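Below is one structure, written out as structure tokens; the observations come after it.
Letters A, B, ... mirror the listed sequences (proteins, then strands); counts begin at 1. None of the values given here were measured: they were computed from a predicted structure.
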Amino acid sequence: MRQAKLRTTQAAAPVRKRSRWLAVAHANSGVLFVLPAVLLFLVFGLYPVIYSFVLSFFRWNGFSGFSILPFACVAPTCSFVGFDNFKEFLFANPITAGMFRQAIWRDMFLLTTVTGGTIVLALPIALALNQGVRGQSLFRMLIMLPMVTAGIAVYYVWTFIYQPDGLLNSVLQMVGLGAIGAKQGWLGTSSLALPSVAVVLIWSSVPAAVIFYLAGLQTINAELYEAARLDGANSWHLLLHITWPLLLPITIIIVISTLNAIIQSSYQTIYLMTNGGPAGSTTTTGLMVFNYGFGDQRDLGVASAMAWMLFLALAVITMVNLRVFRSRT
Amino acid sequence: MPLARRNISSIVAFVLLALYALASCYPFLWMISAALKSNQEVLISRSLIPQVLRFDILTETWNKLEFWTYFVNSTVITLCSVVGIVFIYSLAGYGFAKTHFWGRDALFLGFVALLLIPSVTVLIPLVQLLRSLGFIGREATQFSTYSGVVLPIINGAGPLALFLFRNFFREMPHDLHDAARVDGCSEAGIYARIYLPLATPVIATVSILNIIGVWNAFIWPSIVINKDAWFTLPLKLKDLDLQLVTQWNVRMAGSLITLVPVIIVFLLLQRYYIRGLTAGAIKG
Amino acid sequence: MSAMKRLSGLTVLPTLLSLALAACGAPATSPSNAPAESSVNSTAAPAANTSASDIELTMWTWKVAHVPGLEAVAKNFEAETGIKVAVSAYNPDEAYRTKITTGAQSGDLPDILAYWSASQFDLAQSGQLVELTDQVDASWQGNFLAGTYDTKSVISQTQYDTCQKDPKCTSKDLQVGQSFSVPMLAGTSGFVFANKELLTKAGLDPNTPPKTAEEWLTMMQTVKEKTGQAGLVTGAQNADVTHFWLFQPLLMTSCGQETYDAIYNGKDSFTNPCAQKVFSFIEQIGKNELWLPGILQTNIDPADVAFAQGKAAFDIGGTYSLSFFLQQGMSADNILSFAVPPLSGAALSTLELGASPLIDVGVTTASTHQAEAVEFLKFITTPEQAAVFAKTVGDVPAVKIPADAAQVGTAVVGLVGALSDTSPFSTSKAQVVPETQKAMGIGLQQLIAGEATVAAVTAQAEEANTAGWVAKGGVQ
């Protein structure tokens with residue numbers, strides 16, 4: 001760097017302009033590393049996002065008559081409606097608005113329980129695997145299995161497990177806790193369905209979280225533990241004061257990837273397991289967006305508007321989370 | 001004394017792992033058992049052990065799936081996606097972690113924000129885009145169609161991969177970077193010769209996650225691919241499934257067959273963890 | 001010097017990247033170089049003058065169970081004309097809608113499209129369907145059952161008026177009398193199926209259907225007491241099932257068609273005593289624990305499987321359920337079927353059920369062989385081919401077929417025989433607005449689970465109906 005600067009000052013006058021440009025280019029040359037990613041992002045990431053944002057101010061049936069490049073909105077299949085789509089589910093239509101508010105609460109429930117549950121399960125498992133337990137490679141394989149188990153099988157098996165005469169009720173009966181079993185099935189009872197879905201989501205996101213934590217644990221220098229042990233720290237102290245803080249960046253990754261999974265794919269789980277029921281108790285925003293997008297009451301403008309509200313809410317939550325995490329480190 | 005404590009903690013760890021392993025492999029075991037049962041038995045019986053073992057379903061499904069044909073299709077799509085993801089986002093991760101340029105942090109935030117936008121709403125714009133770029137449509141070739149499948153998949157996997165690579169590179173001591181710089185190594189050289197080889201665990205992580213994800217991907221490929229001959233294994237399986245009207249045993253046998261390659265790759269990539277883990281265990 | 005060297009080293013990277021991508025199949029050129037225009041032109045290209053034997057039409061449907069029937073007809077079509085038809089199915093419903101929507105965007109729609117009857121007008125307005133108004137002449141129209149093509153495939157005056165008034169209607173340009181599809185499958189919900197074996201075991205007469213809903217309830221109770229099996233099952237996880245298949249038939253008989261229409265159309269109220277009785281009846285089934293345990297996590301197919309396995313005495317479904325029972329290994333002799341019985345003191349003493357169109361088929365404008373595709377529509381809606389379809393899938397076509405068991409199968413003859421031409425549903429003008437549909441779905445599920453009272457559910461339904469009609473531009 002310094003060498004380069006020296007060179008520019010020494011250079012003759014006609015070359016100076018070119019050199020200054022070179023210096024700026026050089027200072028920003030890191031951008032070349034991110035260029036492929038950015039190009040892809042602009043075309044396949046940003047463009048559809050802008051499209052859906054613009055669409056949230058239109059009413060459109062999804063088949064033809066609307067495009068962004070070049071811009072077109074042809075009546076009657078497409079029409080500009082301003083903020084009507086947002087108004088519809090925020091306050092104008094009491095039924096939709098009521099459902100949307102409840103859906104947001106369910107999202108919050110899922111976001112907190114699934115991210116929390118995933119971390120609470122994945123960290124001890126990763127620590128245990130990292131200890132060099134007997135048969136650890138077998139365990140690692142078994143614990144990763146939910147990742148490769150095909151989607152449709154997962155839903156089917158869990159539905160079986162949750163049935164009135166299913167595995168969960170039978171196990172509870174066996175250990176003498178039959179009374180807390182769900183007589184009408186875990187997915188058939190409004191108050192239990194959403195927590196039951198959360199369990200499935202946790203179950204499927206734990207393996208990836210374990211992988212992340214295992215990768216993170218490898219980067220922790222063993223000497224740190226040695227030194228702390230010599231200072232008389234017990235295992236709990238080690239966990240609390242060395243492992244957890246050092247794994248915090250990993251935890252943030254897990255939180256974000258779990259949020260991502262809930263937003264991008266939880267609607268599929270819910271659609272296949274409960275279809276939003278019983279009595280709407282598992283209807284999340286994602287499912288509502290899906291139903292407006294491709295269900296029988298299709299209105300892609302409303303779907304986009306809802307997605308954007310969800311995004312705004314999540315962006316705020318994520319920012320706050322990141323701040324809190326950062327400030328603790 | 002420390003030895004005893006270590007034993008107790010190993011036992012606790014063992015029990016914890018055993019319990020969780022049971023819960024996590026049950027659905028998989030169920031898949032295997034369903035693949036060996038008659039359809040009627042799958043619907044009625046709750047037992048994992050089939051009354052009569054039927055291997056004919058597995059062999060029949062294997063033949064009907066035309067495994068090797070569709071295996072090649074799936075492999076091409078998965079390999080291209082994963083190589084693309086690792087290449088593009090390890091580069092970008094390095095760029096975001098170790099170099100400086102104008103607007104770097106804002107750009108990174110843009111990438112992360114992408115994670116939170118529900119993908120349902122971008123399906124239609126993506127399809128419109130692919131069509132106007134000439135990737136899909138009636139005249140599309142297999143090459144252009146597959147590009148249309150792969151590129152959005154790469155972009156979709158981007159934020160998380162980027163996050164992982166950036167995080168990893170950022171945690172690495174900056175002395176390494178400076179020392180290499182002093183030795184006259186270019187940025188590209190530093191990335192390729194020093195940082196990338198050290199990133200093997202992250203590459204393994206990103207690869208495992210995405211190989212599984214892309215291999216099993218259903219919705220997006222089913223939207224883009226319209227020709228039977230270009231189907232991936234999951235699409236072919238769904239096709240087979242539809243012809244038979246929900247035969248659970250066939251469905252599960254097909255799923256198992258489809259998953260075998262992923263499981264093999266998974267086992268192979270696991271070595272990278274085992275190496276790292278044993279090293280850690282010896283030190284600890 | 002070093003700065004230059006570094007820079008040039010870096011510019012190599014994108015090149016490397018493109019090489020790497022090219023090596024594995026992604027485009028090496030930048031996407032903007034792709035021939036966007038040529039692809040647009042190609043879809044608009046006129047049909048090539050190929051001989052019939054080279055033509056392969058494609059058809060999409062969402063009903064997996066119909067594929068064998070369609071393929072059987074396609075085989076006959078090929079034998080007659082040399083034109084092949086390849087049928088693909090995409091399910092469930094949402095996946096099919098996704099496929100069609102994205103297909104419309106990518107210009108990749110098949111030649112022939114199956115669609116929900118009376119929902120095809122959005123597609124038509126968007127220019128995706130070929131207009132058939134003039135092609136469906138009197139002789140072709142003569143093939144269809146009354147109340148199918150004429151009422152649901154052609155735009156009626158009422159439909160036109162409603163659309164003009166509804167700000168959300170996106171098919172305002174379509175004119176009265178236009179049509180874009182022909183009906184293929186017909187049928188109706190509102191049928192109850194009984195497991196005769198269970199009835200006999202419970203000491204009930206397996207051949208006499210209940211005359212009133214109350215009698216029906218008593219039968220369920222008897223079965224439960226005597227055999228320990230549940231009284232009633234249906235796919236109640238789907239929120240619309242209880243509403244459309246049980247509530248509506250009961251409401252129709254309880255209130256009569258005029259009041260029924262008035263209630264849904266916002267001119268009367270769900271608080272009407274005739275509607276209240278229906279709510280209470282559905283509540284009673286739950287209170288007496290007559291539903292199959294876990295009823296709210298039971299969808300349509302699992303419900304029918306449970307019924308076929310003898311886990312419940314009665315199953316509510318429709319004409320389309322029968323073929324499924326038979327597929328599940330249930331014997332036709334073991335099934336007694338009847339329309340949902342009316343409550344005692346109801347306005348109508350029996351419920352007649354007629355066939356209404358369920359699935360329409362149309363030809364897409366994206367097709368390069370539109371004439372041939374229309375030929376296929378004509379072919380599949382001839383009585384002979386409709387009979388082939390009916391016999392293969394065990395379901396009722398929207399075409400007049402011979403009542404001959406040898407040609408169409410015993411099951412279909414039975415189904416057709418149970419249908420009447422004077423169903424109050426075929427003359428009903430009731431429109432269920434989406435808000436009401438949602439609220440009723442949720443409300444009835446709450447009622448089944450005992451999580452809400454009749455009064456609470458009624459209030460929800462009323463609020464929703466009012467809001468729904470406001471959104472639709474006011475009560476008409």
Side-chain angles (χ1 to χ4, degrees), chain A residues 3-4 7-8 22-23 25-26 29 32-33 35-36 39 43 59-65 75-79 88 92-96 99 159 162-166 182-191 193 271 273-280 290-291 293-300, chain C residues 1-4 6-7 10-11 13-14 17 30-31 93-95 97-98 100-101 104-105 116 119 122-123 125-128 167-173 236-239 291 293-299 302 434-435 437-439 441-443 445-446 448-449 451-452 463-464 467-468 470-471:
Chain A
Q3 233 179 2
R7 233 159 234 287
T8 47
L22 265 181
H26 179 238
S29 66
L32 289 174
F33 281 99
L35 200 63
L39 283 179
V43 179
R59 175 171 297 131
W60 181 45
N61 72 3
F63 295 123
S64 72
T77 54
C78 172
S79 57
E88 159 127 7
N93 186 325
I95 304 302
T96 324
M99 290 181 74
T159 310
Y162 283 144
Q163 266 169 356
D165 56 349
K183 212 172 128 199
Q184 286 301 320
W186 292 81
L187 298 174
T189 313
S190 295
S191 53
Y271 171 72
M273 288 184 71
T274 66
N275 200 4
F290 175 67
N291 279 334
F294 300 104
D296 54 0
Q297 199 202 345
R298 53 179 312 138
D299 195 333
L300 288 151
Chain C
M1 179 226 126
S2 57
M4 273 297 281
R6 270 171 225 161
L7 258 175
L10 281 179
T11 46
L13 277 172
L17 166 82
S30 82
D93 299 11
E94 284 78 0
R97 271 197 201 92
T98 313
I100 292 180
T101 312
Q105 302 300 336
W116 292 267
S119 303
D122 249 357
L123 265 174
Q125 172 74 67
S126 302
Q128 307 292 337
K168 285 188 181 171
C169 181
T170 51
S171 51
K172 288 191 162 68
D173 287 354
Q237 188 192 54
N238 182 326
W291 291 104
I295 187 69
L296 290 182
Q297 67 174 67
T298 309
N299 215 331
E435 287 78 2
Q437 189 179 336
K438 276 182 203 158
I442 290 176
Q445 285 189 334
Q446 287 171 328
I448 290 173
E451 288 165 3
E463 192 199 354
V470 168

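- Using a 4.5 Å cut-off between heavy atoms, C:K172 touches chain A through backbone and side chain atoms alike.
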Q: Apply side-chain contact (heavy atoms from CB on, under 4.5 Å) to A:Q184 and C:L296, showing your working.
A: CA-CA 8 Å; A:Q184 286 301 320; C:L296 290 182; over 6 Å; no
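- A donor-acceptor distance shorter than 3.5 angstrom exists from the side chain of C:Q445 to the backbone of A:A279, with no hydrogens or angles considered.
- Note: A:Y271 and A:F290 have perpendicular aromatic rings, judged against thresholds of 30 and 60 degrees for the angle between ring planes.
- Residues that satisfy the side-chain hydrogen bond (donor to acceptor under 3.5 Å, both in side chains) test with C:Q297, not counting sequence neighbours, are absent from this structure.
- Contact annotation for C:A464: both backbone and side-chain heavy atoms come within less than 4.5 Å of a heavy atom of chain A.
- The candidate from A:P76, A:G166, A:P94 with the greatest count of non-hydrogen atom pairs under 4.5 Å with chain C is A:P76.
- Considering only heavy-atom pairs separated by less than 4.5 Å from chain C, the leading option among A:D165, A:T189, A:N93, A:T159 is A:N93.
- The backbone N or O of C:R97 sits less than 3.5 Å from a side-chain atom of C:T101, completing a donor-acceptor pair.
- Using a 4.5 Å cut-off between heavy atoms, C:Q125 contacts chain A through both its backbone and its side chain.
- With a threshold of 4.5 angstrom between heavy atoms, C:E451 approaches chain A through side-chain atoms but not through N, CA, C or O.
- Judged by distance alone, the side chain of A:T77 and the main-chain N or O of A:S64 form a donor-acceptor pair under 3.5 Å.
- Among the candidates A:S190, A:G277, A:A193, A:G276, the residue making the largest number of heavy-atom pairs closer than 4.5 Å to chain C is A:S190.
- In this structure, the portion of A:M99 lying under 4.5 Å from any heavy atom of chain C is its side chain and not its backbone.
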